[in-house]
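The shown structure was predicted, so the numbers you read here are calculated from the model rather than taken from an experiment. The basis for the numbers below is simple: all heavy atoms, side chains too, and nothing from hydrogens, waters or symmetry mates.
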Amino acid sequence: MAAFEVWLAAICTPLLSLIIWMRIKGLEYILINYRWILSCFVLMPLTVLYNVVFFVRNWIIFKLNSAPKLHDRRVADIQKQVKQWKEDGCKQPMCTSRPGWQTISPRVGLYKKTMRNIHVNLVDILEVDTKRRVMRVEPLVSMGQITAMLNPLGWTLPVLPELDDLTVGGLIMGVGIETSSHKYGLFQHTCLSYELVLADGSLVKCSKDENPDLFYTAPWSYGTLGLLVAAEIQIIPAKKYVKVDYRPAHTFEDAINTFKEEVNKKADNEFVEGLMYSDKECVIMTANQKECVIMTANQTDHADSNKINAIGNYWKPWFFKHAETCLKRGAFTEYIPLRHYYHRHTRSIFWELQDIIPFGNNPIFRYLFGWMVPPKVSLMKLTQTKTARRMYEQRHVIQDMLVPMADLSSALKCFDKELKLYPLWLCPFFLPSQPGLVHPDSDQDEMYVDLGAYGTPHREGFHFRETTRRVEEFVRSVHGFQMLYADSYMTREEFRQMFDHSLYDKLREEFKCKKAFPEIYDKICKAARL
């Protein structure tokens with residue numbers, strides 16, 4: 001009995017102390033300064049449960065092939081809701097009813113509270129047609145769903161953005177990019193057609209040959225021309241491994257020159273990525289798909305286990321930390337399983353997780369709890385207090401700026417001057433000269449690069465609003481673009497200077513969108529987000 005009392009005291013004493021400490025400090029203080037407690041003990045277990053339930057549901061629906069039948073019924077219901085909105089007098093603009101906390105954006109949209117919410121519960125893969133090399137999906141299908149479904153079948157997407165929770169709808173109506181974009185363009189450039197419900201409740205399909213103006217203008221329109229209900233996307237054959245070559249650069253000039261040199265080798269490099277670890281040090285990664293790994297002695301066509309790195313396994317180091325070792329060890333090559341490569345930044349949410357769980361890359365944590373990482377972004381947003389959101393806005397940066405490759409050097413200098421935030425993600429992409437909101441300044445195709453800044457700036461004098469506005473001004477001056485998920489402090493006139501609204505305005509007039517949907521700016525400006 002005495003032993004039991006000692007054991008009980010050993011368990012209860014620290015637990016009671018923790019409860020008292022939380023009562024003294026307050027829940028909000030804990031959520032802001034010790035967010036890892038909530039993440040580790042609440043959000044991570046909930047994430048595992050959510051992922052298991054959702055994966056099993058999607059697998060059953062796909063195997064039974066019931067999704068297409070459900071799809072038609074659901075689209076008809078969306079049309080019915082839009083027509084009912086018209087009958088009710090078009091009193092409020094429409095938007096989807098998907099809660100703001102469920103999106104991958106760091107902010108929660110306030111506009112949903114004042115608009116007519118349309119239920120768009122479209123989360124299924126509808127068809128995989130390997131003969132036509134096309135898959136048809138609903139807008140809320142995620143990249144995690146797609147890779148889990150396509151890779152075992154021997155197929156993949158030409159552009160498959162990083163994070164598991166990114167959705168097809170978000171990547172079309174917003175933007176999507178991956179390290180293969182220097183060959184294929186943005187996610188939208190791999191899409192063959194879209195199906196939208198317009199302001200009058202009609203269902204319209206658009207492609208390069210059918211309703212081309214709508215096809216080119218729907219991307220980046222943020223759901224302000226119609227409600228996306230399906231998309232056809234190209235698929236390409238997938239191989240088992242990705243051969244990744246890591247190459248260090250120890251000067252600013254070497255980083256720029258090496259990166260541009262590798263981007264220009266379209267025929268040789270399927271994937272190109274750069275991670276800037278300081279204003280001088282960078283690791284450039286190039287990659288190609290391989291059926292198998294051939295040993296240098298070429299005595300076997302089986303994989304050489306010494307060269308395979310299943311970086312997606314939960315006990316493995318975070319990818320950006322693994323890549324950083326190249327700066328000391330020098331250039332090296334390894335083979336990563338295809339799905340692991342596609343989601344190499346998922347476990348650490350690029351490098352955001354180190355600010356939430358500072359010990360997350362510790363080997364002990366990875367082996368014991370890494371299988372539950374990362375906590376879902378949507379659940380983290382749901383548990384954020386107003387104070388925590390304000391703190392993140394003032395001290396934290398999550399931005400993707402797209403600038404011409406010719407201006408990469410000046411862009412990096414601007415980011416260092418204003419933010420001094422590392423690592424920086426460098427992802428090149430091909431931008432064709434096509435109609436729509438985003439296109440090169442000239443009538444010629446052009447190579448651009450995405451500069452991704454995620455984390456806490458270390459530049460003295462950083463101010464979230466003034467600093468971001470200076471960066472936005474630079475991006476506009478080189479005819480670049482800001483990803484719409486991020487905080488934007490541009491005025492309406494500045495926003496229209498950055499994005500070409502000529503065809504967009506024409507279509508909004510033609511489709512009578514003025515009462516039906518707000519303009520893009522009214523959904524992405526700071527006043528519309530919490």
Side-chain angles (χ1 to χ4, degrees), residues 31-36 39 105-107 162 248-256 259 273-284 317-328 345 347-362 374 377 380 384 387-403 407-427 449-475 480 482-483 485-489 526:
L31 291 178
I32 294 174
N33 296 281
Y34 297 90
R35 205 170 175 202
W36 63 267
S39 297
S105 168
R107 301 289 171 239
E162 291 288 337
H250 296 284
T251 68
F252 183 79
E253 292 74 18
D254 188 26
I256 298 294
F259 185 73
E273 173 182 23
L275 294 179
M276 292 288 298
Y277 289 95
S278 72
D279 59 344
K280 295 181 178 66
E281 292 189 310
C282 180
V283 175
I284 294 95
W318 290 344
F319 181 76
F320 79 97
K321 288 292 188 183
H322 170 67
E324 190 177 14
T325 63
C326 177
L327 294 173
K328 291 184 178 180
H345 291 300
R347 289 190 300 122
S348 58
I349 319 178
F350 281 85
W351 31 93
E352 285 277 60
L353 200 59
Q354 67 181 354
D355 289 339
I356 300 169
I357 306 177
F359 47 82
N361 196 44
N362 183 285
V377 173
M380 288 192 287
Q384 262 190 347
T387 303
R389 288 196 189 104
R390 186 168 59 252
M391 181 199 73
Y392 261 68
E393 179 188 6
Q394 295 175 353
R395 304 178 190 175
H396 202 81
V397 167
I398 303 179
Q399 289 284 351
D400 281 89
M401 297 293 187
L402 317 179
V403 299
D407 297 292
L408 174 59
S409 177
S410 56
L412 287 173
K413 290 176 182 177
C414 173
F415 270 58
D416 183 71
K417 175 185 176 183
E418 299 293 349
L419 302 174
K420 203 172 183 61
L421 170 57
Y422 296 97
L424 281 178
W425 190 51
L426 307 183
C427 183
V449 60
D450 173 12
L451 275 68
Y454 324 117
T456 303
H458 295 94
R459 177 59 64 196
E460 188 176 343
F462 167 81
H463 186 278
F464 63 99
R465 188 179 186 278
E466 281 74 12
T467 299
T468 304
R469 278 191 55 76
R470 286 194 295 270
V471 175
E472 291 170 343
E473 182 181 5
F474 167 80
V475 173
Q482 180 182 38
M483 285 198 183
Y485 78 88
D487 285 339
S488 175
Y489 295 94
K526 191 61 189 72

Given L421 and F462, is the side-chain contact (heavy atoms from CB on, under 4.5 Å) satisfied, shown in steps? CA-CA 11 Å; L421 170 57; F462 167 81; over 6 Å; no
Starting from the C-alpha separation in whole Å, work towards a yes-or-no answer on side-chain contact (heavy atoms from CB on, under 4.5 Å) for D416 and M276. CA-CA 11 Å; D416 183 71; M276 292 288 298; over 6 Å; no
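Contact record, I256 with S409: CD1-CA, 4.1 Å, taken as the closest heavy-atom pair. Heavy atoms only, all atoms of each residue included: E273 and F259 are closest at C-CE1, 4.1 Å. Heavy atoms only, all atoms of each residue included: A323 and L275 are closest at CB-CD1, 4.1 Å. A249 approaches I284 most closely through the heavy-atom pair CB-CD1, 4.1 Å. Closest approach of C282 and L327 over heavy atoms only: O-CD2, 3.7 Å. Pairing each heavy atom of L426 with each of L408, the nearest pair is CD2-CD1, 4.5 Å.
When atom types are taken as modelled, the side chain of E472 and the backbone of Y489 share a donor-acceptor pair closer than 3.5 angstrom. A distance-only check finds a donor-acceptor pair linking the side chain of Q399 to the backbone of D487 [under 3.5 Å]. No donor-acceptor pair under 3.5 Å is formed between the side chain of R395 and the backbone N or O of F464. With hydrogens and angles disregarded, no donor-acceptor distance shorter than 3.5 Å links the side chain of H463 to the backbone of G461. For the pair D450 (side chain) and C427 (backbone), a donor-acceptor distance under 3.5 Å is absent. Of the possible polar contacts, one joining the R459 side chain to the K417 backbone as a donor-acceptor pair under 3.5 Å is found.
At least one side-chain heavy atom of W318 sits under 4.5 Å from a side-chain heavy atom of Q354.
The number of heavy atoms from other shown groups lying within 6.0 Å of CD (E466) is above 12.
Here Q482 contributes atom CD and M401 contributes atom CE; the two are 4.0 Å apart, rounded to the nearest 0.5 Å. Rounding to the nearest 0.5 Å gives a distance of 13.5 Å between CH2 of W351 and CG of N361. Rounded to the nearest 0.5 Å, atoms OH (Y277) and NE2 (H250) are 12.0 Å apart. Interatomic distance, E324 CD to C326 SG, rounded to the nearest 0.5 Å: 10.5 Å. Considering NE2 of H345 and CH2 of W425, their distance stands at 7.0 Å, rounded to 0.5 Å. Between D355 atom CG and S348 atom OG the span is 11.5 Å, to the nearest 0.5 Å.
A donor-acceptor pair shorter than 3.5 Å cannot be found between the side chains of Y422 and D279.
The aromatic rings of F350 and Y454 sit tilted relative to each other, their planes meeting at an angle between 30° and 60°.
Salt bridge status for K280 with D254: absent, with no side-chain N to carboxylate O gap under 4.0 Å.
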